[in-house]
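Worksheet for the structure shown next.
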Amino acid sequence: MRETPITPAARTKPDAPRATRPGDLSADLLAWYDQHARDMPWRTGPAARAAGQRPDPYHIWLSEVMLQQTTVAAVRAYFLRFTALWPTVADLAAAEDARVMGEWAGLGYYARARNLLKCARVVVAGHGGQFPDNRAALLSLPGVGPYTAAAIASIAFDRSETVVDGNVERVMARLFDIHTPLPAAKPELTEKAALLTPHARPGDYAQAVMDLGATICTPRKPACALCPWHDPCLARARGTAPDLPRKTPKKAKPIRLGIAYIARRTDGAYLLERRPDKGLLGGMLGWPGSDWAETTPVPAPPIEADWQPVPEEARHTFTHFHLRLQILTAQIDQGANPQRGTFLPPEDFRPSDLPTVMRKAFDLAHASFVDRN
DNA sequence: GATACGTGGTA
DNA sequence: TTACCAAGTAT
């Protein structure tokens with residue numbers, strides 16, 4: 001959906017030059033954004049903003065945390081669910097940890113969810129339920145780094161702060177034809193981005209640069225012909241745009257192996273564990289099992305039973321390794337006591353509360369429970 | 001500065 | 001199938 005342009009004059013004069021003033025990059029980008037801003041549930045579009053509507057800082061914060069290393073498409077549904085369940089930061093602060101972790105399941109980078117709760121509670125207990133309105137104070141909040149602090153300050157509070165995310169890095173590397181590989185180029189790209197940041201409409205501008213990177217100045221096959229910065233772009237002129245930004249090569253992912261035990265009690269309860277707060281999938285529910293290592297570890301089962309192997313292993317790729325997970329299942333009688341984990345009855349366990357790798361294991365095990373009847 | 005930390009979409 | 005990529009932060 002397109003926002004109504006707030007500069008109708010630009011429409012009525014078809015021969016008007018694209019540049020408001022020659023060389024005024026931010027103005028050119030804002031003019032583009034007025035017509036091409038994408039619709040997002042957390043966004044107050046340029047027209048609504050011009051009409052005096054203000055974004056809710058809670059919505060901006062929540063969406064920005066969710067958007068860290070995550071696509072808009074993936075975030076949309078999570079954002080709508082979170083705001084429906086917890087309409088204010090005070091509601092979120094009062095929520096149970098397990099409930100919030102369960103709702104975050106599937107979105108990844110679970111430290112974000114742990115810090116989300118910490119941050120909400122700091123805002124309520126330490127700031128009277130109001131988010132700080134400046135970059136420095138925002139930066140002290142859990143889970144809020146340089147990008148997110150600048151995003152909230154500019155979008156929610158009209159501060160002229162510079163957001164530097166992956167989009168901005170790519171756009172700056174191309175606009176100025178910078179060949180230094182990331183992450184070493186970050187300071188230089190940040191400096192360029194800061195030079196372009198306007199004092200007028202900083203929130204719209206921040207979103208505009210990121211939208212430009214997401215829709216026009218894309219990693220592959222950038223649509224330079226449609227770009228409001230076509231003329232000033234050095235990399236476009238030199239033909240280097242598709243190769244920028246350069247990045248230092250990544251290390252290959254090793255393969256790790258593991259075992260997961262999935263026990264189903266006759267009343268439909270499953271044997272689950274809450275993972276420790278630190279480390280991979282920290283704070284999330286999971287199946288008892290082995291650590292994940294280069295060689296197959298053989299841990300003791302969490303409960304005595306007739307364990308049956310599931311024919312297919314669960315395969316999953318994390319940020320820094322591939323995992324192949326062997327699954328063993330067992331039916332458990334009422335009253336049996338596990339040595340590890342807790343039986344969660346159906347009313348206390350939704351498969352959607354599981355992180356994806358655990359959900360994959362569950363889906364494979366479920367088939368074997370059904371087969372066995 | 002380097003590493004740990006998820007996931008789903010795409011070529 | 002594999003590898004890369006996306007609105008980063010914490011340590």
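Lettering of chains follows the sequences in order, A, B, ..., and the numbering in each one begins at 1.
Considering only the side chain of A:Thr71, C:dA6 comes nearest among C:dC5, C:dA6, C:dT9. Set against C:dT9, B:dG6, B:dA4, the side chain of A:Arg112 has B:dG6 as its closest nucleotide.
Regarding A:Met358, its CE atom lies at a distance of 11 Å from the P atom of B:dG6, rounded to whole Å.
Not a single donor-acceptor pair, N or O on each side, falls under 3.5 Å between the base of C:dG8 and the side chain of A:Thr148. Residue A:Tyr109 places a side-chain atom within donor-acceptor reach of the base of B:dG6, judged by atom type and a 3.5 Å distance cut-off alone.
Between the side chain of A:Asp348 and the backbone N or O of A:Leu344 there is no donor-acceptor pair closer than 3.5 Å.
Distances shorter than 4.0 Å separate none of the side-chain N or O atoms of A:Lys253 from OP1 or OP2 on C:dT1. The phosphate of C:dG8 (OP1 or OP2) has no side-chain N or O of A:Gln68 nearer than 4.0 angstrom. Dashed line: the shortest gap from a side-chain N or O of A:His316 to OP1 or OP2 of B:dT7 is under 4.0 Å.
Each of A:Lys278 and A:Pro219 was assigned the nucleotide of DNA chain C with the nearest heavy atom; the assignment lying further toward the 5' end belongs to A:Pro219. If you find the closest nucleotide of DNA chain B to A:Phe321 and to A:Ala184, the one lying nearer the 5' end belongs to A:Ala184.
At a threshold of 4.0 angstrom between heavy atoms, the contacts of A:Gly106 are confined to the sugar-phosphate backbone, with no base atom among them.
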